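Worksheet: the structure to be examined is printed underneath.
These numbers were taken from a predicted model, which means no experiment stands behind them.
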Amino acid sequence: MVITQGIPQILQAIIESKHKVVGIVDCAPANEPDKFLKAAGRFLTGVHYSLTSNPLSLRLFSRKLQIPYYYLRKENSKDLEKWVRSVEPDLIVIYSMSHLLKENVFSIPLHGTINIHYSYLPEYRGPNPLFWEYYDHILNPGVTLHCVDKGEDTGDIICQERVLINSGEALEETGQKLVSTGIKLLSEAMDVLENGSVRIKQQPIGTPTVRARKIKPEEYDKLVKWDDWSVERVFHFLNGTPKYHSALLKKNSFYRLGFSIRILDYEECNTSGYETGNLYKEKSGHFFACRDGKIYVEIKPSLDNFFVRIYPFIS
């Protein structure tokens with residue numbers, strides 16, 4: 001049985017493997033999209049924006065493959081337990097879940113429950129490891145498959161592998177490397193679990209890194225060390241955290257409402273006379289000033305950001 005969000009490559013890889021998927025649990029995001037945002041997007045364009053919905057419904061995907069489907073909200077763990085027992089999984093695989101699974105569910109399968117985590121545990125335990133790996137300029141993150149227990153990413157390790165990335169590498173490229181590694185490790189793990197030959201490694205109690213917590217958009221600009229980091233490091237962090245880019249426009253009233261940013265490139269140069277962290281527009285284009293260079297960006301209108309920003313004022 002698989003617990004996930006959307007239709008990730010890892011789910012497709014499991015379905016295409018020799019192992020039978022007896023159920024799919026669609027985990028609701030921590031903050032479910034508001035009905036107003038969905039309706040507004042449909043009204044103006046006739047389509048669902050990526051902000052408000054998945055391009056392809058996991059419910060319809062499951063129905064097409066005739067796999068039992070369950071939509072999970074955080075508060076209905078007793079109902080989930082009943083449903084899981086009805087599909088009788090030998091193993092639960094978690095990939096992208098917005099809250100911790102409770103023991104009354106993760107203890108059901110014969111081979112237990114395993115989670116795919118995008119760090120080299122015990123580093124960066126928590127729901128947002130990639131964000132903090134980019135923040136700390138970690139160029140050898142990893143993928144870990146571990147058993148699920150009552151803690152947050154504290155269960156015994158089944159297997160793990162480091163993944164090398166380049167400074168400034170975009171999140172999409174890094175994510176694809178991690179997904180490919182995760183698929184490989186999961187395939188190996190499912191085989192050894194089935195054969196009963198798995199060797200697990202107990203995690204230490206402590207972790208050498210910060211907890212990989214989620215952040216609020218208003219924290220983002222303050223987290224960037226404009227005065228301390230090199231332009232290369234700022235570029236790396238921005239390239240790995242596109243979800244929060246719109247928060248960088250809050251200082252500029254003209255671009256505050258209904259615009260998005262795309263990171264283009266950076267240049268090491270003298271920026272005396274500019275205020276670090278501020279957005280400027282010159283003949284060379286838009287750029288953010290860093291202590292030792294400029295980060296060039298493209299700014300364009302975005303209806304997604306428009307609805308997110310105006311909704312608090314009209315609700």
Begin with the C-alpha distance, continue with both residues' side-chain angles, and end with the deciding distance and a verdict on side chain to side chain contact (heavy atoms under 4.5 Å, CB included) for Ile10 and Ile116. CA-CA 10 Å; Ile10 284 181; Ile116 304 168; 3.8 Å; yes

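- A donor-acceptor pair shorter than 3.5 Å cannot be found between the side chains of Ser119 and Glu133.
- In this structure, a donor-acceptor pair under 3.5 Å is absent between the side chains of Asp156 and Gln202.
- One finds no salt bridge joining Lys294 and Glu268 here, because no Lys/Arg side-chain nitrogen approaches an Asp/Glu carboxylate oxygen to under 4.0 Å.
- A heavy-atom distance below 4.5 Å is not found between the side chains of Thr174 and Tyr118.
- Phe131 and Phe237 have their aromatic ring centers within a separation under 6.0 angstrom.
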Under 3.5 Å, sequence neighbours excluded: what are the donor-acceptor pairs made by side chains of residues 183-192?
| residue | atom | partner | partner atom | Å |
| --- | --- | --- | --- | --- |
| Lys184 | NZ | Glu161 | OE1 | 2.7 |
| Lys184 | NZ | Glu161 | OE2 | 3.1 |
| Asp191 | OD1 | His19 | NE2 | 3.2 |

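- Using a cutoff of 4.0 Å between basic side-chain nitrogens and carboxylate oxygens, Arg213 and Glu219 are scored as salt-bridged.
- Residues His117 and His146 form a side-chain contact, since some pair of their non-hydrogen atoms from C-beta on lies under 4.5 Å apart.
- Shown here are the side-chain contact (heavy atoms from CB on, under 4.5 Å) partners of Ser284, two or more places apart in sequence or in another chain: Glu282, Phe287, Tyr296.
- In the hydrophobic clustering (ILVMFWY side chains linked at under 4.5 Å, chained through shared members), Ile94 is joined by Met1, Ile3, Val22, Val25, Tyr70, Leu72, Leu80, Trp83, Val84, Val87, Ile92, Met97, Leu101, Val105, Phe106, Ile108, Val148.
- By the side-chain contact (heavy atoms from CB on, under 4.5 Å) test, Asn140 pairs with Ile138, Arg162, Leu164, sequence neighbours left out.
- Between atom CG of residue Leu238 and atom CD1 of residue Ile263 there is a gap of 4.5 Å, rounded to the nearest 0.5 Å.
- Checked by atom type, the side-chain pair Asp227/Thr276 shows a donor-acceptor distance below 3.5 Å.
- Leu121 belongs to a hydrophobic cluster with Ile157, counting contacts under 4.5 Å between side-chain heavy atoms of Ile, Leu, Val, Met, Phe, Trp and Tyr, direct or through other members.
- Between Tyr220 and His245, the ring planes are tilted. Angles from 30° to 60° get that label.
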For the pair Tyr124 and Tyr135, evaluate ring pair (Phe, Tyr, Trp, His ring centres under 6.0 Å) and give the outcome as yes or no after the intermediate values. CA-CA 11 Å; Tyr124 299 100; Tyr135 182 82; 9.8 Å; no

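- Listed by chain and residue number, nothing satisfies the ring-ring contact (aromatic ring centres under 6.0 Å, His included) test with His111 (two or more places apart in sequence, or in another chain).
- Checking Trp226 against Asn278 by side-chain atom types alone, no donor-acceptor pair falls below 3.5 Å.
- In this structure, a donor-acceptor pair under 3.5 Å is absent between the side chains of Asp136 and Thr209.
- With a 4.5 Å cut-off on side-chain heavy atoms, Thr241 and Leu171 do not count as touching.
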